[in-house]
Amino acid sequence: MEGKISDECPVGKGLLDHKVGDRVAIETPDGMCEYDVLEISK
């Protein structure tokens with residue numbers, strides 16, 4: 001809702017330790033999904 005991803009959800013855990021420009025494949029309950037890291041903010 002706020003455009004944020006929790007570091008406790010499968011997608012958030014999978015994105016940890018990646019940087020802007022990375023493409024990350026993450027196993028989700030709906031199957032494999034690929035994400036592009038576009039921005040990182042706190």
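What you are looking at is a predicted structure, and each value in this text was computed from that prediction instead of being measured.
- Remark: Asp7 pairs with no residue by the salt bridge (charged side-chain N to carboxylate O under 4.0 Å, His left out) rule, at least two apart or across chains.
- Through side-chain heavy atoms spaced under 4.5 Å, either directly or across other Ile, Leu, Val, Met, Phe, Trp or Tyr residues, Val24 is tied to Ile5, Val11, Leu15, Val20, Ile26, Tyr35, Val37, Ile40.
- Remark: Glu39 engages no residue in a salt bridge (charged side-chain N to carboxylate O under 4.0 Å, His left out) (not counting sequence neighbours).
- For residues 23-34, the set of pairs meeting the side-chain hydrogen bond (donor to acceptor under 3.5 Å, both in side chains) definition, not counting sequence neighbours, comprises Arg23-Asp36.
- Taken from NZ in Lys4 to SG in Cys9, the straight-line distance is 13.5 Å, to the nearest 0.5 Å.
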